[in-house]
Amino acid sequence: MSFENYTDEMLKQYIIEAKKRLGSRLAIPAHHYINKDLVEIADFAGDSYKLAVDVSRSSAEFIVFCGVRFMADGAKVLAGENQHILHPEPAAGCPMAEMIDEETAEKAVEMIGKVCDREIIPLVYMNSYADSKSFCGRKGGAVCTSSNAEKIVRYYLDRGQSLFFFPDYHLGHNVAQQIGIDDSLVVKVGRNLTLEDGKNLKEGKMFLWDGFCPIHQEFDDEDVLLMRKNYPDAKIIVHPESRKSVVNLSDMSGSTQQIYNRIAESAEGSVWVIGTETTFVKRIADTFTDKKVLPLKTSPCKNMVKLTLRNTAESVKSVEDYIAGTGSLKNEVFVDKNLVENAKLALQKMIDIVEAP
Ligand code: 13P
Ligand code: SF4
């Protein structure tokens, strides 16, 4: 069976029926930035943290992951040996995750260790590949996501350790400010392995890699000021991958799940301006029609849109063929065995810190 002449409605119907046939053997997680049709048929949708936890608790034998590659990679790390992770579109990557690798992270930590008197622990944002996560696991560090970065940073600082935070400079910078770390102790680490001038390197607390998300870096102060002028009654909420000045001019910031929850709980008739990925903002606007929801600026993630009903249906079909013994799994995700153990340690460390009472 080929899906060549299938309309979106037919593809959706196929996936829904295949899900019934496969029952608990199949799970489809979808990130909040994925298109509405896929979110509607997904078993669970959420931010990066929620998806990691949901996947780690799922016993489904086949997980068709609708998100970008680092998310499918992370799911594979957390999965049991009998679980197969499929990523319907392997070309859906994330430029931020590609802004560093294990070897460079290791060089950065070595370099910082030579100038800083404090112990340096690497802390990696979820938006990274398994090699970076494995490096953190190997060095006693952890993974964090935008919903828990503050808690995890505090965990290490409270133990007298300093952090090499990578790859997202802006998230690290925003967290450092939330915690109240003096700016002289927050140091940018250039991608050519240089340290920011004029900082107290000896006592530095957060060393931040100069990575960024091209989608959120699009937002600037003028965008916030313009929306404030045009919609004086609106509350402005942005994702913390946005620049610190943008976060400061806004009313609040949060992960995709926190943004979703905030709008869901808000009063009827309230007005919201949201600074994050466009597909998600549109879905929130369509879901909560009793509120007025506007994008801070149009900024779609070119990678998340690569996940479609068609490539997801093809992945699901390959699961059915595989079970019937008539075909192989399409775009199954594999992670280098040498990386899995330490990457899992770093992901589990995050979950343990977050779920600790
Ligand atoms: P969340 O963890 O908030 O879902 O963020 C993931 C992401 O890629 C944002 O750009
Ligand atoms: Fe990566 Fe930015 Fe897309 Fe998130 S929105 S997946 S950080 S490019």
Side-chain angles (χ1 to χ4, degrees), residues 29-35 38-39 42 44-56 65-75 78 87-100 123-129 132-133 142-152 165-172 174-175 209-219 237-243 246-247 250 252-263 274-284 295-307 347 350-351 354:
H31 184 262
H32 272 314
Y33 291 165
I34 293 295
N35 86 56
L38 281 171
V39 171
F44 28 89
D47 64 8
S48 309
Y49 182 70
K50 183 176 178 298
L51 291 180
V53 172
D54 287 346
V55 165
S56 73
F65 205 111
C66 295
V68 288
R69 201 166 69 245
F70 74 77
M71 295 176 177
D73 223 40
L78 287 168
H87 186 212
E89 179 43 88
C94 166
M96 183 204 285
E98 275 139 39
M99 289 177 188
I100 194 161
L123 175 61
V124 68
Y125 188 30
M126 181 66 106
N127 300 26
S128 57
Y129 291 112
S132 293
K133 293 186 174 86
V143 175
C144 70
T145 73
S146 55
S147 69
N148 57 40
E150 183 184 338
K151 187 166 187 184
I152 296 182
F165 185 96
F166 65 110
D168 189 16
Y169 174 76
H170 298 299
L171 177 62
N174 284 317
V175 169
W209 188 246
D210 186 17
F212 61 91
C213 161
I215 310 314
H216 291 90
Q217 195 160 270
E218 272 291 300
F219 305 138
I237 184 164
V238 297
H239 194 279
E241 286 174 15
S242 308
R243 297 167 205 274
V246 167
V247 170
S250 303
M252 54 199 103
S253 68
S255 76
T256 54
Q257 190 63 49
Q258 289 164 338
I259 293 175
Y260 188 91
N261 294 347
R262 192 71 191 78
I263 312 297
I274 308 181
T276 191
E277 201 277 337
T278 307
T279 310
F280 177 49
V281 180
K282 277 197 186 136
R283 181 162 61 85
I284 295 182
L296 177 61
K297 189 189 219 169
T298 302
S299 194
C301 175
K302 294 182 190 69
N303 285 287
M304 290 283 187
V305 299
K306 290 178 185 164
L307 277 294
L347 279 159
M350 165 180 75
I351 297 174
V354 174

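Atoms within a ligand are numbered from 1 in the order they appear, just like the ligands themselves.
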For atom 6 (C) of ligand 1, the protein heavy atom that lies nearest, with its residue and separation: S48 OG, 3.3 Å
Nitrogen or oxygen atoms of S146 and ligand 1 under 3.5 Å apart: yes
H31 to ligand 2, any heavy atom closer than 4.0 Å: no
Enumerated ligand 1 atoms positioned under 4.0 Å from heavy atoms of N127: 7 (C), 8 (O)
D47 versus T256, side-chain donor and acceptor atoms under 3.5 Å: no
Least distance between heavy atoms, V238 atom then S250 atom: CG1-OG, 3.4 Å
For atom 10 (O) of ligand 1, the protein heavy atom that lies nearest, with its residue and separation: E241 OE1, 2.9 Å
Contact check, Q257 vs ligand 1, heavy-atom distance below 4.0 Å: no
Any H216 heavy atom less than 4.0 Å from ligand 1: yes
Atoms of ligand 1, numbered as shown, that sit under 4.0 Å from any heavy atom of S255: 3 (O)
Side-chain H-bond candidate by donor/acceptor type, S132 with Y125, under 3.5 Å: no
Polar contact flag, side-chain donor to acceptor under 3.5 angstrom, H216-T276: yes
Side chains of M126 and M350 in contact at under 4.5 Å (non-hydrogen atoms): yes
For H31, the ligand 1 atoms whose distance to one of its heavy atoms is below 4.0 Å: 1 (P), 4 (O), 6 (C)
Partners meeting side chain to side chain donor-acceptor pair (under 3.5 Å) with T279 (sequence neighbours left out): E277
Residues in salt bridge (Lys or Arg N to Asp or Glu O under 4.0 Å) contact with R243, at least two apart in sequence or another chain: none
For R283, all residues meeting side chain to side chain contact (heavy atoms under 4.5 Å, CB included), sequence neighbours excluded: H32, K36, V39, Y260, F280, T287
Any side-chain heavy-atom pair of S146 and Y49 under 4.5 Å: no
Minimum-distance protein heavy atom relative to atom 5 (O) of ligand 1: H239 NE2, 3.3 Å
Nitrogen or oxygen atoms of T256 and ligand 1 under 3.5 Å apart: yes
Proximity of H32 to ligand 1 by residue part, where a heavy atom lies under 4.0 Å: neither
Neighbour count above 12 (heavy atom, 6.0 Å) for K302 NZ: no
Side chains of F212 and E241 in contact at under 4.5 Å (non-hydrogen atoms): no
K306 atom NZ, neighbour heavy-atom count above 12 within 6.0 Å: yes
Near atom 3 (Fe) of ligand 2 (under 2.8 Å) - protein N, O or S atoms: C301 SG
